[in-house]
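First up is the structure itself, then whatever we jot down about it.
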Amino acid sequence: MESKKEVEVELEEIATAEEDKEKEDQKEETKENVEEGNIYTALASPSEHEYGMPSSTHSYTVNKDTSIDIHRKLRVYRIVSLILLVICVLLLIVVLVLFMKLPGKQPCQEVEQVVNPPLKQECSLKKCQEFHQQPQRLCSDCGKGWLRFQNTCYFLSQNRLTWQQSREECQRKGGELAVITNESVQMYLSKNGKLNYWIGLNHLGGNEWTWINSTVLTVRYWGDMSFPGECAILAGNEPPERNWRPYSCSFHLQYICQKM
């Protein structure tokens, strides 16, 4: 009986050992399957390369490299643009310098100036009469607004005054109302004046027309004598041969002053 029990115990121990061995074999096989499953899982994503680098890291590296290339290209473009701008500015300066030099005097003109130097500019009536037809406009020492003709200065006003006020204004300027004693002066004043001007002719003291400097009235350029008045005007818009008229001395008109 005891031998039979011992046999049964040994059989149970053998069965238990085999079960334990099978369990250990299953554990090892499960472990290997798990490890193999992790490897295949890690490589399951198609976006990962063979070394198992995550796709997000790879994408970031590519974008960073592209951004660096773009910045390098932009920098190169800026440098090239700056160089071209400097070249354009230099060319513009060269063109301006050439343009300023080209219109200069020709050699023949320079030689003529050396051979015949210009006359020294001197403001004198004699020299003005030699080189200009109207010396009174180009060379005059009469003062601002005055015209010189035949050694006499004339002033044709723009403002209007009565005959007496005009005379006082001429005296304030150092002269008198104009006295016309020859044809050349009459033609000159008629040509330069296009308005009605008081002149120094009146008959306030009697019936005879006299100049204010007591000069004898030798030449006359009377036009229409039908106007009543005791003072004379020169009508610049009428023919100089007959443009004197009598006018009321209280009228406000322009005037002509003269001084030596």
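Atom CG of Leu98 is separated from atom CD1 of Ile93 by 12.0 Å, given to the nearest 0.5 angstrom. Atom SG of Cys231 is separated from atom CG of Leu201 by 9.0 Å, given to the nearest 0.5 angstrom. Taking CD1 from Ile233 and CD1 from Ile199, the interatomic distance works out to 8.5 Å, rounded to the nearest 0.5 Å.
Minimum interatomic distance between Leu253 and Asn196 (heavy atoms only, all atoms of both residues): CB-O, 3.9 Å.
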TODO: I would like to know whether Gln165 and Arg160 meet side-chain contact (heavy atoms from CB on, under 4.5 Å); could you show each step before the answer?
DONE: CA-CA 9 Å; Gln165 291 172 342; Arg160 297 182 178 185; over 6 Å; no
TODO: Assess whether side-chain contact (heavy atoms from CB on, under 4.5 Å) is satisfied between Leu161 and Gln254, documenting all intermediate values.
DONE: CA-CA 6 Å; Leu161 299 173; Gln254 281 82 4; over 6 Å; no
Open item on the list: For Cys153 and Leu147: C-alpha separation, side-chain torsions, deciding distance, then whether side-chain contact (heavy atoms from CB on, under 4.5 Å) applies.
Closed with: CA-CA 5 Å; Cys153 300; Leu147 305 176; over 6 Å; no
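Gln258 places no side-chain N or O within donor-acceptor distance of the main-chain N or O of Leu177, the cut-off being under 3.5 Å. Proximity of a side-chain donor or acceptor of Lys259 to a complementary backbone N or O of Gln171 within less than 3.5 Å is not detected. With hydrogens and angles disregarded, no donor-acceptor distance shorter than 3.5 Å links the side chain of Trp163 to the backbone of Glu230. Under a 3.5 Å cut-off, the side chain of Thr162 and the backbone N or O of Phe251 do not form any donor-acceptor pair.
Pairs engaging residues 212-221 under the side chain to side chain donor-acceptor pair (under 3.5 Å) rule: Asn213-Thr215 [sequence neighbours left out]. Sorted by first and then second residue, the side chain to side chain donor-acceptor pair (under 3.5 Å) pairs with a member in residues 75-93 form an empty list; sequence neighbours excluded.
With a 4.5 Å cut-off on side-chain heavy atoms, Thr181 and Val219 do not count as touching. A 4.5 Å side-chain heavy-atom check between Leu204 and Cys249 finds at least one atom pair inside the cut-off. Looking at Asn243 and Trp222, their side chains never come closer than 4.5 Å, going by heavy atoms from C-beta outward.
Annotation: Gln164, atom CD; neighbour count of heavy atoms from other residues, nucleotides and ligands within 6.0 Å is above 12.
Ring orientation note: the planes of Trp211 and Trp244 are nearly perpendicular, at an angle over 60° on the 30°/60° scale. Relative orientation of the Phe149 and Tyr188 rings is parallel, given thresholds of 30° and 60° on the angle between their planes.
Note that Lys173 lies in the cation-pi zone of Phe155, set by a 6.0 Å cut-off to the ring centre and a 45° limit from the axis.
The hydrophobic clustering, which links ILVMFWY residues whose side-chain heavy atoms are closer than 4.5 Å, places Ile79 and Ile68 apart.
In this structure, Arg167 pairs ionically with Glu176, as a charged nitrogen and a carboxylate oxygen lie closer than 4.0 Å.
Between the side chains of Asn202 and Thr210, no donor-acceptor pair of N or O atoms lies under 3.5 Å.
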